[in-house]
Amino acid sequence: MVLRLFFFSFLILLLGGIYGVLFSIHPFVGLVFLAVAVIGCVIWKEPAWGLLLVLFAIPLQFLGKLNEDGSLTIAKVVTPCVVLVWFFKYLINKDKRLLKVPFSHPILISSFIYLFSTIPSFFNARSISSSICYLLFKLFPLWLLMVLIVDLLQTPKWLERSYKAILTIAFVVGCFGIYELITGQSILQLFGMKYYLISGAKGGGLASTKWEQLDFQEAAWVRVASTFLDPDFFASFLLLILGFSFGFLFTTKSTFWRLFCIVLIIIALIDIVGTGSRSVFLGVFIFFLVLLAVVNFKGKWLLIGILAFLGVLIIPSIEEYIPSFRKGLPLSLEDFKKDPRYGFWLTALKMILKHPILGIGLGNFTEVYYHYRDEASILLKPYLPHDIVLLVFSETGIIGLVFFSVFVITVLITLIKNHFTQKNRTIWVLNLFIFASFLGYCVFALASNTLDQEYIWIVCGFVALFSKMKGEQSLCCVSHSERY
């Protein structure tokens, strides 16, 4: 007891001394250090609080940047801190589970093997440093995030808190999207950032890109992005949020949170329309289709018939009005050739044919884009191929694609297994809606670049978590003592 008191007294004096030195250099630096120290103490007491902070900070995206170019954000700083605290607590306590937890579930194992399988592609990389940085500073932290979710949230109390953190920040960024729909201006401009919503001018052409205003014509349409830099990524985040919000809506016993989830679902659907993301539109359709196919209720087939009839009416309307919105729907090959994705995909196929085994190197697609650029590509600026399969195949070859496929199939098998074997009714419901949103996201991923998008890895972590949680206890009905 005396030694512990001495240790904490020395720690307080040390932190105070460092704070004083930093404050004398620059007050802001000193205050930031003090805040980090306080947060670190809280995380040390219970690392799960740090994980909730990460889940809350990730959707802030560019709004949570700590440097000018946004390469350093709150989430990117807090995540390694939480991992280190988690690691050292296991190490100090000499807990033998330290080496078992990271490989305690097939999803964690298959994803780790996939990351390891990308290393051979480094031999073909034009920029090995880009490959190493992408693996160590983007993909590996996402795998560690899954490990933390599986290890730290295995009680109803922390699962409930994690859902509330995710839904709360989703509500915030969703309201930012509504603001953009109403005003036509990016929410980032309120915080002094020079950023524009991607918009189209009347009569065709762009009125603005992300970084510049091209002309002063009145915009015919805008694509909301909230705190995300890309409307498609914002829309895909909201697609996953539908799974979280519907799941919590049908499991919580709190009237407030039920109303909260209903409002959030409405906001998410409105924002998804505002993003103009055609692949997410399809993903949302898959989401509801899966739910209708799995859940049995009276009038099920009547509802399916009504939705199919409305679809027949709506699709021609979309084709009529979207040309001024997103250049129409690419329903024919000739229409698709006008879409930038056509050129991206042909460029990716050239890379695959040239390096089918090892690929051109993880994180190197844009590095060699000009060398392989197809004539059909209407854009000169290097872009990723907008297809998760082509991206993985072109960068890491057949080796990376095989192990990536194993990872995705493992997630799907776990979702299906949870659906048929999970006896906890609450977890079964949460798994069902995550299952639907995951399938919808897979459709979106076939037309976008999603490999390093944080929340899809987070969803995979929750899928693994669901299979490890047993018992009949449900959310929002644990005892007062256990909750607090």
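Counting from 1, the numbers follow the sequence of the chain as shown.
For Tyr114, the ring pair (Phe, Tyr, Trp, His ring centres under 6.0 Å) criterion is met by Phe404, not counting sequence neighbours. Leu181 is linked by a side chain to side chain contact (heavy atoms under 4.5 Å, CB included) to Ile178, Val224, Ile270, Asp271, counting only residues two or more places apart in sequence or in another chain. Not counting sequence neighbours, the partners of Ser127 by the side chain to side chain donor-acceptor pair (under 3.5 Å) test are Ser129, Ser130. Not a single side chain to side chain donor-acceptor pair (under 3.5 Å) links Tyr455 to another residue, sequence neighbours left out. A search for side chain to side chain contact (heavy atoms under 4.5 Å, CB included) contacts involving Phe287 returns Leu239, Leu242, Phe246, Leu291, Phe433, Ala436, Ser437, not counting sequence neighbours. Scanning for side chain to side chain donor-acceptor pair (under 3.5 Å) contacts around Trp158 gives an empty result, with sequence neighbours left out. In this structure, the side chain to side chain contact (heavy atoms under 4.5 Å, CB included) partners of Val263, at least two apart in sequence or on a different chain, are Phe171, Ile267. Checked against side chain to side chain contact (heavy atoms under 4.5 Å, CB included), Ile398 has the following partners two or more places apart in sequence or in another chain: Ile357, Phe393, Leu401, Val402. When the side chain to side chain donor-acceptor pair (under 3.5 Å) test is applied to Ser131, the partners found at least two apart in sequence or on another chain are Asn364.
Counting heavy atoms from C-beta outward, Trp86 and Val147 have side chains that approach closer than 4.5 Å. Leu135 places a side-chain heavy atom less than 4.5 Å from the side chain of Ile119. Between His105 and Leu465 there is no side-chain heavy-atom pair separated by less than 4.5 Å. Residues Phe112 and Ile109 form no side-chain contact, since every pair of their non-hydrogen atoms from C-beta on lies 4.5 Å or further apart. Counting heavy atoms from C-beta outward, Val150 and Ser104 have side chains that approach closer than 4.5 Å. Counting heavy atoms from C-beta on, the side chains of Phe233 and Leu229 never come closer than 4.5 Å. At least one side-chain heavy atom of Leu159 sits under 4.5 Å from a side-chain heavy atom of Phe462. Looking at Trp428 and Leu432, their side chains come closer than 4.5 Å, going by heavy atoms from C-beta outward.
The closest donor-acceptor contact from the side chain of Glu180 to the backbone of Ala225 lies under 3.5 Å. Proximity of a side-chain donor or acceptor of His355 to a complementary backbone N or O of Leu353 within less than 3.5 Å is not detected. Side-chain atoms of Glu367 do not come within 3.5 Å of backbone N or O of Gly363 as any donor-acceptor pair. No donor-acceptor pair under 3.5 Å is formed between the side chain of Gln154 and the backbone N or O of Lys468. Although no hydrogens or angles enter the test, the distance criterion places no donor-acceptor pair under 3.5 Å between the side chain of Thr252 and the main chain of Phe248. Checking side-chain atoms of Arg223 against main-chain N and O of Thr275 turns up a donor-acceptor pair under 3.5 Å. Under a 3.5 Å cut-off, the side chain of Asn124 and the backbone N or O of Leu358 do not form any donor-acceptor pair. Between the side chain of Ser448 and the backbone N or O of Phe444 there is no donor-acceptor pair closer than 3.5 Å.
Going from atom OG1 of Thr396 over to atom CD1 of Ile360 covers 9.0 Å, rounded to the nearest 0.5 Å. In this structure, CZ in Phe228 is found 9.0 Å from CG in Leu60, a value given to the nearest 0.5 Å. Between Arg161 atom CZ and Leu51 atom CG the span is 12.5 Å, to the nearest 0.5 Å. Separating the CD1 atom in Ile434 from the CG atom in Leu430 is a distance of 7.5 Å, to the nearest 0.5 Å. Taken from OG1 in Thr347 to OH in Tyr372, the straight-line distance is 11.5 Å, to the nearest 0.5 Å. Here the straight-line distance linking atom CD1 of Ile132 with atom CG of Leu362 works out to 10.5 Å at 0.5 Å rounding.
Below 30°, between 30° and 60°, or above 60°: for Trp143 and Phe140 the angle between ring planes is below 30°, a parallel geometry. In this pair, Phe260 and Phe256 present their aromatic rings tilted. The plane angle is within the 30 to 60° band.
With ring centers used as reference points, Phe438 lies 6.0 Å or more from Phe435. Aromatic ring centres of Phe407 and Trp457 lie closer together than 6.0 Å.
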* To do: Given side chain to side chain contact (heavy atoms under 4.5 Å, CB included), test Lys164 with Leu52 step by step and report yes or no.
  => CA-CA 9 Å; Lys164 287 180 178 180; Leu52 296 194; over 6 Å; no
How far apart are the C-alpha atoms of Ile458 and Ile58, what are their side-chain angles, what is the distance that settles it, and do they pass the side chain to side chain contact (heavy atoms under 4.5 Å, CB included) test? CA-CA 11 Å; Ile458 288 172; Ile58 286 175; 3.8 Å; yes
* To do: Quick one: do Tyr179 and Phe176 satisfy ring pair (Phe, Tyr, Trp, His ring centres under 6.0 Å)? Show the steps, please.
  => CA-CA 5 Å; Tyr179 166 85; Phe176 288 163; 7.9 Å; no
Criterion side chain to side chain contact (heavy atoms under 4.5 Å, CB included) on Leu139 and Leu451, from CA distance to verdict = CA-CA 8 Å; Leu139 296 185; Leu451 185 60; 4.1 Å; yes
Practice prompt. Apply side chain to side chain contact (heavy atoms under 4.5 Å, CB included) to Tyr441 and Gln453, showing your working.
Written response: CA-CA 11 Å; Tyr441 194 93; Gln453 292 303 297; 3.6 Å; yes
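Residue pairs meeting the salt bridge (Lys or Arg N to Asp or Glu O under 4.0 Å) criterion with at least one partner in residues 394-422, sequence neighbours excluded, do not occur; the list is empty. Among residues at least two apart or in separate chains, salt bridge (Lys or Arg N to Asp or Glu O under 4.0 Å) pairs with a member in residues 440-458 are Lys138-Asp452. Identified under the salt bridge (Lys or Arg N to Asp or Glu O under 4.0 Å) test for residues 346-360, with sequence neighbours left out: Lys350-Asp374.
In terms of heavy atoms, Asn418 sits closest to Val463 at ND2-O, 3.4 Å. Across Tyr369 and Met351, no two heavy atoms sit closer than the pair CA-CE, 4.2 Å. The two residues Met146 and Ser111 come nearest to each other via the heavy atoms CE-OG, 3.3 Å. Heavy atoms only, all atoms of each residue included: Pro59 and Ile169 are closest at CG-CG2, 3.7 Å. Between Phe234 and Gly174, the shortest heavy-atom distance links the atoms CZ-CA, 4.5 Å. Nearest heavy-atom pair, Ala445 versus Thr450, reported as atom, atom and distance to 0.1 Å: CB-OG1, 3.5 Å.
Remark: the Asp387 side chain and the Trp345 side chain contain no N/O donor-acceptor pair separated by less than 3.5 Å.
When the shell of 6.0 Å around CZ of Phe116 is examined, it contains 12 or fewer heavy atoms from other residues, nucleotides or ligands.
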